[in-house]
Amino acid sequence: MAITKRQLPIFFLFAKNPNLSQKLMLIGLVITLFFIFLAFFAPVFQAWGWLQNPKDFLSNPIHQPPSAKYWFGTSRLGYDVFSRTLFGAQAALQVVILATALSMVIGVPLGMLSGYLGGKLDKVLLFIMDSIYTLPGLLLSVTLAFVVGRGILNAAIAISIAYIPQYYRVVRNHTVSVKTEVFIEAAQAMGASTWTVLSRYLFFNVIQSVPVLFTLNAADAILVLGGLGFLGLGLPEEVPEWGYDLKQALEALPTGIWWTTLFPGLTMTCMVVGLSLLGEGLNEFVNPRLRRENRIRK
């Protein structure tokens, strides 16, 4: 009698023989979790007296270089750069998660309906989404930010509009390929309604790439939020935000005040890199073709 060897789950195979992309994914995961930790515990550190209030200006000497008292120095308005940099992670995560969630909530159902029903609805939605997709994301967000104004929700709405077509296109293409499978035809033959087919049989088969797209869009949304803040269109001025702080720091940069630019910009870069590495690693995790290619290379 032949003895069949049980195959380990994919996660344990990743942990057993990690390749370069998987190692980078772990690095991205650690960086992302670190920023999530900062976002959640920054108010706790402030309550314990470890951080200054990031909204208090003129409470410190202006343009103090990094020291034991002011780890990242102070700005020209007397803000503590260290405190504002840490609280900037909280504002970035709030806006980015809300923006990507909004685009996902809108794009995924529209993609499923368009791919499953087809016909005129599919043509109209394709035309609208392709029209939005051809516009530069930052330009579209800036234009919409002029209309909706400042604020966390408003910034999220302005950013999310550019990502809706991406979710729509990915889910629609998967739906078109999956709806011809035998189990879908069997469900239709048994009299299952459209809602039943979409929610029970199609949904979990067409969203494999959505987590990957979510993390990559989150990384891009941080840069877009920074651009909006740099242009004065993101969050209110009193809210700690990296893009706005960079705008304020540029005026002092030619005079040798480097710390007000370096630390917010470096923190934003690290967060974008972490989310990008996580997204690229997840892409291999959910994509069987990439896994097979990596095994062949080994």
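Index from 1, following the sequence. Keep in mind the model is a prediction, meaning the values are calculated, not measured.
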* **K179 side chain to G115 backbone, donor-acceptor under 3.5 Å** => yes
* Any sub-3.5 Å donor-acceptor pair from S141's side-chain atoms to A158's backbone N or O? -> yes
* Verify same cluster id: I161, V124 (apolar side-chain graph, 4.5 Å) -> yes
* List the atom of A91, the atom of V239, and the distance in Å for their closest heavy-atom pair. => CB-CG1, 4.2 Å
* F87 side chain near P43 side chain, heavy-atom distance below 4.5 Å -> yes
* Asked: So do the side chains of V210 and V170 get within less than 4.5 Å of each other, counting heavy atoms only?
  -> no
* **Verdict with supporting geometry, L24 and E280, side-chain contact (heavy atoms from CB on, under 4.5 Å)** => CA-CA 9 Å; L24 293 177; E280 292 295 338; over 6 Å; no
* Structure fact -> Minimal heavy-atom distance between T175 and G111, with the atoms involved, is OG1-O, 4.1 Å
* To do: Enter the distance from M129:CE to L110:CG here, rounded to the nearest 0.5 Å.
  => 5.0 Å
* Do the ring planes of W48 and F45 sit parallel (below 30°), tilted (30 to 60°) or perpendicular (above 60°)? -> tilted
* **Same apolar cluster (I L V M F W Y, side chains within < 4.5 Å links), I164/L228** => yes
* Structure fact -> Interatomic distance, CD@Q166 vs CG@N217, rounded to 0.5 Å, equals 4.5 Å
* Report the residue from V171, L198, V108 that forms a side chain to side chain contact (heavy atoms under 4.5 Å, CB included) with F203. => V108
* To do: Could you tell me whether a side-chain N or O of T269 sits under 3.5 Å from a main-chain N or O of G265, the two making a donor and an acceptor?
  => yes
* Above 12 or not: heavy atoms from other molecules or residues under 6.0 Å from CZ of F183? -> yes
* Where is the tightest heavy-atom contact between M268 and G226, given as atom of each residue plus distance? -> CE-CA, 4.2 Å
* Report yes if the side chains of E251 and R76 come closer than 4.5 Å at any heavy-atom pair, otherwise no. => yes
* To do: Assess the side chains of T74 and N60: does a donor N or O sit below 3.5 Å from an acceptor N or O?
  => no
* Asked: Is the backbone N or O of L51 less than 3.5 Å from a side-chain atom of S83, with the two atoms forming a donor-acceptor pair by type?
  -> no
* Asked: Are D220 and Y163 close enough that a side-chain donor and a side-chain acceptor fall under 3.5 Å?
  -> yes
* Just do the side-chain contact (heavy atoms from CB on, under 4.5 Å) check on N53 and Q46 with the steps written out, would you? => CA-CA 7 Å; N53 189 340; Q46 180 189 350; 3.6 Å; yes
* Hydrophobic cluster identity match, I62 and L253, side-chain contacts under 4.5 Å -> no
* Would you say the side-chain atoms of N205 and E181 include a donor-acceptor pair closer than 3.5 Å? -> no
* Asked: Should the pair W259 and H63 be assigned to parallel (<30°), tilted (30 to 60°) or perpendicular (>60°) ring geometry?
  -> perpendicular
* Reported OG1-to-CG distance for the pair T143 and L139, which is rounded to 0.5 angstrom -> 4.5 Å
* To do: Give the intermediate values and the outcome of side-chain contact (heavy atoms from CB on, under 4.5 Å) for residues L117 and D122.
  => CA-CA 7 Å; L117 298 179; D122 184 40; over 6 Å; no
* Could you check if a side-chain atom of I184 sits within less than 4.5 angstrom of a side-chain atom of L202, using non-hydrogen atoms only? => yes
* Neighbour count >12 (heavy atoms, 6.0 Å) for atom CH2, W258 -> yes
* Determine whether R150 and L235 make a side-chain contact, defined as any pair of heavy atoms from C-beta on separated by less than 4.5 Å. => no
* To do: Kindly give the heavy-atom pair with the smallest separation between P109 and M104, and that separation in Å.
  => CD-O, 3.8 Å
* Asked: If you measure from OG1 on T267 to CZ on F82, what distance do you get to the nearest 0.5 Å?
  -> 9.5 Å
* **OH/Y70: more than 12 non-hydrogen atoms of other groups inside 6.0 Å** => yes
* Heavy atoms, side chains only, cut-off 4.5 Å: are Q90 and L38 in contact? -> no
* Asked: If we only count heavy atoms from C-beta on, is the M271 to L93 side-chain gap below 4.5 Å?
  -> yes
* Asked: Looking at OG1 of T85 and CG of L262, how far apart are the two atoms once the value is rounded to the nearest 0.5 Å?
  -> 9.5 Å
* To do: Applying side-chain contact (heavy atoms from CB on, under 4.5 Å), run through F214 and Y167 and close with a yes or a no.
  => CA-CA 9 Å; F214 185 91; Y167 290 99; 3.8 Å; yes
* To do: Please check if I222 and L266 belong to a single hydrophobic cluster, counting links between Ile, Leu, Val, Met, Phe, Trp and Tyr side chain heavy atoms closer than 4.5 Å.
  => no
* Asked: Is a side-chain N or O of R84 found less than 3.5 angstrom from the main chain of P54, in a donor-acceptor match?
  -> yes
* If every non-hydrogen atom of T180 is compared with every non-hydrogen atom of E185, which pair is closest and at what distance? -> O-OE2, 3.5 Å
* Closest non-hydrogen atom pair, L282 against P211 -> CD1-O, 4.3 Å
* Structure fact -> So CG of L277 and CD1 of I31: to nearest 0.5 Å the spacing works out to 6.0 Å
* Compare all side-chain heavy atoms of Y168 with those of S114 and state whether any distance is below 4.5 angstrom. => yes
* Is Y244 linked to L250 within one hydrophobic cluster, defined over Ile, Leu, Val, Met, Phe, Trp and Tyr using a side-chain heavy-atom separation of less than 4.5 Å? -> no
* For the residue pair F35 and W242, categorise the inter-ring angle as parallel (less than 30°), tilted (30 to 60°) or perpendicular (more than 60°). => perpendicular
* Who passes salt bridge (Lys or Arg N to Asp or Glu O under 4.0 Å) against D80, sequence neighbours left out? -> none
